[in-house]
Each structure stands twice: as C-alpha cells, then as structure tokens.
Number of protein chains: 2
Amino acid sequence: MKEIDLRIVKTKGALQEALLSMLKDKPLHMISVTAICREAKINRGTFYMHYGKVEDLFEEYFKEIMKDLTDSYMEPYKHVQILLSNELDPSTIRIFHHVEKYKKFYRIIFSKYVPMAYYYLLFDQVNQLLNQDIDEKHHAENKNMFSAYQANAILGMIIEWHREDFQKTATEMNNLFVEILNFHFRK
Amino acid sequence: MKEIDLRIVKTKGALQEALLSMLKDKPLHMISVTAICREAKINRGTFYMHYGKVEDLFEEYFKEIMKDLTDSYMEPYKHVQILLSNELDPSTIRIFHHVEKYKKFYRIIFSKYVPMAYYYLLFDQVNQLLNQDIDEKHHAENKNMFSAYQANAILGMIIEWHREDFQKTATEMNNLFVEILNFHFRK
DNA sequence: AATTTTATTGAACATGTGTATAATAAAATT
DNA sequence: AATTTTATTATACACATGTTCAATAAAATT
C-alpha cells in the first residue's frame, strides 16, 4: 500500500504555496481560511480535513525552519565547553546567522498578534539544543530550569534584535552575546 | 465638564465582569464577543465602540496585574548590587511570589493560543524594572540588549515553572534563580 | 427642570467559521 | 483494465465577526 496519497500532497502543497504567497501582502492574522482556499483553488472543507486553522498550516512551514535552526546550531557550538572555558569564539555560534537568514520569517513569529504556540516551538528547539550540552552541570531536577533560563535569555536578545528591526548584523549579535556572557563570568 | 461618562464606566465594568466570570469556565480563545455581550447584557455594537476584540478587553485586566508586579518588584531588589556583590538574598526577589499570587492569571498569559502581545507587555515590564538598575554597567547601545537578555532569562524560568504547573513554590524558584546566578559567577 | 450631548440599542448586511452530507473524481489496489 | 478506496467538491447550516445607521435613553450642561 502507498504511504501517502498524491491528492493530499497536491492539496497541502497548493495551500502552503497560497499562504506563503499571501504573506507577502498581509500579516498572518489577517489571512482567512476562505481567502487561502480561494487563492489555492481548494475547497474550504478540504482545508479543514487537514488543518484546524490557518496557524496549523503555517506551523508546517515553521517546522522546516526549525530544521535549519538545528543544523545551524549543531555546527561547532559545543556550548558547555565554551561557556566554561571562557574561550568562546563568537563565530562558532550560528543561531543569530540563522535568524538573519530567515529574517522575513521571524518577523512573523515575533509579531504581536501571532499565538504563543510558535514562540514555544522556538523555545523548545533552542532549549533542546542547549540541553544536549548542559547534562553534567546541574542536577536533573534543576536542569530544565537552567536551560530554560539560558534558552530564553538568547531569545530575549533576538526579541530585542527584532524590535530594532534587525539593524545589527548577526556577527554583531554574536559579539554582544559573548560580551554579555563574559560580563557574567568576570564579575 | 465631566471627565468620564458614567455610562462608559458602567458598560466597561459589566464587560470586564462578564469576561472574568466566563474565564472560570472557558479558555480566553474560546470566548466570543457575542457571548461576553450576552453575559454582560450589553449590545455587541457597544463592545466594538470601546474594544476591537476580546483580547483588548482582557488587556485592561492585564495592566492591573502589571501594577502589582511593579509594586512587588520595587521592594528591595536593587538588582545590580545584588548581581555584583554576590550577596544575593533570595527573599528580596518578589517576582516569583507575584506570579504565584496570580497563578490563575498567568496560566492564561502563558497558554498556547493567546497572542504574543501579552508576553511582550510582561517582557516590557520586567525589562523596565531591570533597566532602572543596570544603567552604569553597560554602554547605552548595549543596555537594551543586556536587559532583554536578563529579563527574558527570568521569564524563561517562569515559562518552565508554568509548564511544570507551578509545582515548585515561589521560594524554591527564588533559590533556584540565585543558584543559577551563582553558577554564572563561580565559573 | 429643561435642554443639549452622546452612549447605547436594535436591526440589518456582507463576510468568515466550523461542521456535516451526498455526489464526484482521483488515486491505489487487484 | 476493472474495481475498490478515499480525497475532494458542492452545498447547506447555525453561529460569529465587524461595520453601519436611525431611534432611543441616559448622562452632562445650562
């Protein structure tokens, strides 16, 4: 038996394409299911067969970006060693470059009217990436709290970066991050 | 001339009360304008005269809670001195106790389907509170980035706390926060 | 207390949501 | 190639949204 029905692939593709196309003109929260289906030439009932709301459709695109984030991050970060050795090379942190690359996407993620769900997905991803490194440092009970602290601190920088409309370069953000970490160590 | 029309006060009060009452039964994103107006015995058109959507009505309640946060925080935090002196007394940090006090409220704020807007309001508040203390430590250009890092780190802990359904006590959270800061210093 | 101002109401309208149904058509299976 | 399976469509429904407008009633002003 076939794994996936070609009709489903076609339908989902058309809806994805329609949404991404419409996002060039309108913010996510102003795009209706009806409008997407009109654009994609897909029956509205079919939309609800695969998704519950516009955000669910967008979430599929979201997850693709998260893959790139993981790939970007996994390069040579080795977080703990860097954190502890105090020999942090800014160029080894790729997360800011990833955000810069998908600037347009992150403008959506960080917009006011978007549900928290996306932020949590992003948070989870960064959290997970950090968690791989922290293992030995903290007791199991506090591990989650510590990585939540660390992960969201970085996201805080990205929120601020976004608010400044990404004026700084990714490299500058890297340097700032190092500076902030060093500030913590030095004192 | 009168500053405020009594009719407006009455209407807004009725809508507030209706929303808060309904929040006991349903999550925010499942409450419709129509239902609130039905409950409050207020014409739907009148709602739209004062608010654009359910979230705007909720935001008024939100801002009241933010006042309490400021009051809680402003007690004896004096963040920089604590951060630098390494003589942090956990009992001086009141933010976790504030969250614990308004647990029910923060369950709404941190729920998946709520817009990012509330998170940003919270972020701004914490940010502002931190900013008062940091002044001298960083150059003006990096100040925002540093406090965004710090503020969101704390929010990260609260997110994790919320996810664990507030199992830990506020005092435990305080201690953990100190532990994490100390970890930064010690290494 | 009479008059002016304006918030509220009720009604209507075009549009969107979410769900359900039978008819159709496209893909998978034999 | 014929048959079976199932995704898609067209249509309809009850309900919500967001806006508009004249009529009303409540508050403020004189």
Side-chain angles (χ1 to χ4, degrees), chain A residues 1-61 108 111-118, chain B residues 1-61 108 111-118:
Chain A
M1 54 205 132
K2 266 251 178 179
E3 293 295 308
I4 35 111
D5 194 313
L6 285 186
R7 289 169 293 185
I8 297 178
V9 176
K10 205 185 70 181
T11 295
K12 287 192 169 185
L15 290 171
Q16 285 284 349
E17 195 184 359
L19 175 58
L20 292 189
S21 157
M22 297 174 79
L23 276 171
K24 288 168 188 159
D25 303 328
K26 291 181 184 184
L28 184 61
H29 70 281
M30 305 241 61
I31 298 174
S32 67
V33 171
T34 303
I36 294 172
C37 293
R38 196 164 41 222
E39 171 88 12
K41 297 191 204 312
I42 297 291
N43 190 276
R44 204 161 55 83
T46 308
F47 177 97
Y48 285 110
M49 186 149 286
H50 299 296
Y51 308 101
K53 49 191 187 305
V54 178
E55 280 77 13
D56 297 337
L57 174 59
F58 183 78
E59 192 166 317
E60 291 210 346
Y61 174 50
I108 299 172
S111 70
K112 257 181 94 174
Y113 300 113
V114 127
M116 282 289 285
Y118 302 133
Chain B
M1 57 204 129
K2 266 254 180 179
E3 293 296 308
I4 34 109
D5 194 314
L6 286 186
R7 289 169 295 185
I8 297 178
V9 176
K10 206 186 69 181
T11 296
K12 288 193 168 184
L15 290 172
Q16 285 286 348
E17 194 184 359
L19 176 57
L20 292 190
S21 156
M22 296 174 79
L23 277 171
K24 288 168 187 161
D25 302 329
K26 290 181 184 183
L28 185 61
H29 70 280
M30 304 241 63
I31 298 175
S32 67
V33 172
T34 303
I36 294 172
C37 293
R38 195 163 41 221
E39 172 88 12
K41 298 191 203 313
I42 296 291
N43 190 278
R44 207 161 52 84
T46 308
F47 177 98
Y48 286 111
M49 187 148 284
H50 300 295
Y51 307 102
K53 49 191 187 308
V54 178
E55 281 77 14
D56 297 338
L57 174 59
F58 183 77
E59 192 167 318
E60 291 210 348
Y61 174 49
I108 299 171
S111 70
K112 259 181 94 172
Y113 300 113
V114 128
M116 281 289 284
Y118 302 133

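Labels below follow one simple rule: chain letters A, B, ... track the order of the sequence lines, proteins then strands, and each chain is numbered from 1.
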If I take atom [atom1] in residue [X] and atom [atom2] in nucleotide [N], what distance separates them, rounded to the nearest angstrom?
X        : N       : atom1 : atom2 : value
Ile8(A)  : dT5(D)  : CD1   : P     : 17 Å
Ile36(A) : dT17(C) : CD1   : C1'   : 13 Å
Met49(B) : dT5(C)  : CE    : P     : 18 Å
Ile42(B) : dA7(C)  : CD1   : P     : 14 Å

**Report entry** Verdict with supporting geometry, Glu55(B) and Tyr118(B), side-chain contact (heavy atoms from CB on, under 4.5 Å)
**Finding:** CA-CA 9 Å; Glu55(B) 281 77 14; Tyr118(B) 302 133; 3.1 Å; yes

Query raised in the report: For dT8(D), does either OP1 or OP2 sit under 4.0 Å from a side-chain N or O belonging to His50(A)?
Result: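 Affirmative; the distance criterion is met.
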
Query raised in the report: Does the side chain of Thr46(B) get closer than 4.0 angstrom to OP1 or OP2 of dA7(C) through an N or O atom?
Result: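 Checking dA7(C) against Thr46(B), no side-chain N or O comes under 4.0 Å of OP1 or OP2.
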
[atom2] on [Y] to [atom1] on [X], rounded to 0.5 Å:
X         : Y        : atom1 : atom2 : answer
Ile42(B)  : Met49(B) : CD1   : CE    : 12.5 Å
Phe47(B)  : Asp56(B) : CZ    : CG    : 7.0 Å
Tyr113(B) : Lys53(A) : OH    : NZ    : 4.5 Å

Is there any protein nitrogen or oxygen under 3.5 Å from a nitrogen or oxygen in nucleotides 25-27 of chain C, and what are the pairs?
unit_1: dA26(C); atom_1: N3; unit_2: Arg7(A); atom_2: NH1; d: 2.8

Query raised in the report: With pairs taken as Watson-Crick or G-U wobble and both distances under 3.5 angstrom, which stems of at least three consecutive pairs involve DNA chain D?
Result: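 Stem list for DNA chain D: C:1-30 with D:1-30.
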
Query raised in the report: What is the per-nucleotide protein-contact pattern of nucleotides 10-24 of chain D, from the 5' end, where B denotes a base atom under 4.0 Å from a protein heavy atom, S denotes such proximity for sugar-phosphate atoms only, and - denotes neither?
Result: B-----SBBB-----

Requested in this report: Could you pull out the closest heavy-atom pair between Ile108(A) and Ser111(A), with the gap in Å?
Outcome: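 That closest heavy-atom pairing would be O-OG, 2.8 Å.
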
Query raised in the report: What class does the angle between the rings of Tyr61(B) and Phe58(B) fall in, given that below 30° is parallel, 30 to 60° is tilted and above 60° is perpendicular?
Result: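 Correct class here is perpendicular.
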
**Report entry** Any side-chain heavy-atom pair of Glu39(A) and Ser21(A) under 4.5 Å
**Finding:**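 Sidechains of Ser21(A) and Glu39(A): in contact.
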
Query raised in the report: When you measure from every atom of DNA chain D, which of residues 19-28 of chain B have a heavy atom less than 4.0 Å away?
Result: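 The stretch gives none, as no residue of it lies under 4.0 Å from the strand.
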
Less than 3.5 Å apart, which donor and acceptor atoms pair up between the side chains of residues 5-20 of chain B and the rest of the protein, not counting sequence neighbours?
unit_1: Asp5(B); atom_1: OD1; unit_2: Arg7(B); atom_2: N; d: 2.9
unit_1: Asp5(B); atom_1: OD1; unit_2: Arg7(B); atom_2: NE; d: 3.1
unit_1: Asp5(B); atom_1: OD2; unit_2: Arg7(B); atom_2: NE; d: 3.4
unit_1: Asp5(B); atom_1: OD2; unit_2: Arg7(B); atom_2: NH2; d: 2.7
unit_1: Thr11(B); atom_1: OG1; unit_2: Arg7(B); atom_2: O; d: 3.0
unit_1: Gln16(B); atom_1: NE2; unit_2: Leu57(B); atom_2: O; d: 3.4
unit_1: Gln16(B); atom_1: NE2; unit_2: Glu60(B); atom_2: OE1; d: 3.3

Tell me which donor-acceptor pairs under 3.5 Å the side chains of residues 26-37 of chain A have, and how far apart each pair is, sequence neighbours excluded?
unit_1: Ser32(A); atom_1: OG; unit_2: Ala35(A); atom_2: N; d: 3.0

